[in-house]
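Letters A, B, ... mirror the listed sequences (proteins, then strands); counts begin at 1.
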Number of protein chains: 2
Amino acid sequence: MGDVYKALADPTRRAILDELQDRSGQTLFELCVRLTGKGFTSSRQAISQHLAVLTEAGLVVVRREGRYLFIDLDTSPLRQIYDRWRVGPCESDT
Amino acid sequence: MGDVYKALADPTRRAILDELQDRSGQTLFELCVRLTGKGFTSSRQAISQHLAVLTEAGLVVVRREGRYLFIDLDTSPLRQIYDRWRVGPCESDT
DNA sequence: TTGACATGCAAGTAAACACTTGCCTATCGT
DNA sequence: ACGATAGGCAAGTGTTTACTTGCATGTCAA
């Protein structure tokens, strides 16, 4: 399985995760349109390659139906980050 | 300020954070020795450059005393990751 | 069946990145 | 003062990465 940290290193990939958190189950084409609308200039191919990285990292799950590719968010791989360096997410600041 | 995500993208930098979490306030030289002991082959210059990236990201704080450079861990910039994609770190799994 | 639509695949390019090399500065012990 | 120690700076190198370009595949509607 791929590297979650490396997957998060790119701003466009983070924007994809943001977009999927806002609306999971989007089509690749939808994703491209909405990212373009938010100022990202990435082409479809670029986004497709980013999705491959995110899928490798387990942050995204992909299912193909007909000619559509539906993309779902899975944030569970992020937990390893939370577990590795405990910043105390449950404790509030003083 | 630098990019926290990009700072975490490198395995050696993550090992530095691990090492500092185990013992914060280490010297650069100590850090080099202990990382070498754990199988990392990075030179002092390489580690110094990694520290610059970590410092830029706010994950590490550096103070110079005499000829020693003391390095302290600061995990607080990680909180932005926790806040961005809520994976529910406080809820236990079912 | 034909054409438009949604996506896949692969080679090439330019920039970013991690690391080395070589030398320089500053501090401490003796 | 002198040598040894701890670290800094900067140019050069090789690899990785993000992106483009061009074409191929598969699906649906008419």
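In this structure, E56(A) and M1(A) approach most closely via the heavy-atom pair O-CG, 3.2 Å. When all heavy atoms of T75(A) and R86(B) are compared, the pair lying nearest together is OG1-O, 4.1 Å.
Between D18(B) and K38(B), no side-chain nitrogen of the basic residue sits less than 4.0 Å from a carboxylate oxygen of the acidic one, so the salt-bridge criterion is not met.
For the pair S42(A) (side chain) and I47(A) (backbone), a donor-acceptor distance under 3.5 Å is absent. With hydrogens and angles disregarded, no donor-acceptor distance shorter than 3.5 Å links the side chain of S48(B) to the backbone of R44(B). For the pair S43(B) (side chain) and A46(B) (backbone), a donor-acceptor distance under 3.5 Å is present. Without hydrogens or angle criteria, R14(A) side chain to A9(A) main chain gives a donor-acceptor distance under 3.5 Å.
Of the candidate nucleotides dG7(D), dC9(D), dC19(D), dG7(D) has the atom lying nearest to any side-chain atom of L69(B). Nearest nucleotide to the side chain of Q45(A), out of dT21(C), dC19(C), dT20(D): dT20(D). Of the candidates dT7(C), dC19(D), dC19(C), the closest approach to any side-chain atom of R44(A) belongs to dT7(C).
A residue-by-residue look at R67(A) and R13(B) shows that R67(A) has its nearest nucleotide of DNA chain C further toward the 5' end.
Taken to the nearest 0.5 Å, the CZ atom of F40(B) stands 9.5 Å off from the NE2 atom of H50(B). Note that the CG atom of L31(A) and the OG1 atom of T36(A) stand 9.5 Å from one another [nearest 0.5 Å]. Separation of atoms CD1 (I81(A)) and CG (L8(B)) is listed at 6.5 Å; rounding is to 0.5 Å.
DNA chain D lies under 4.0 Å from at least one heavy atom of each of the following residues of residues 16-43 of chain B: T27(B), L28(B), F29(B). Contacts with DNA chain D (heavy atom under 4.0 Å) in residues 1-10 of chain A: K6(A), D10(A), listed by number. DNA chain D lies under 4.0 Å from at least one heavy atom of each of the following residues of residues 57-66 of chain B: R64(B).
No N or O donor and acceptor, one from the side chain of Q49(A) and one from the base of dT17(D), sit under 3.5 Å apart.
Within the 4.0 Å cut-off from OP1 or OP2 of dC19(D), at least one side-chain nitrogen or oxygen of H50(A) is found.
Enclosure of atom CZ in F70(A) by more than 12 non-hydrogen atoms of other residues, nucleotides or ligands within 6.0 angstrom is indicated.
In this entry the distance linking OH of Y68(B) with P of dG8(D) reads 14 Å, nearest Å.
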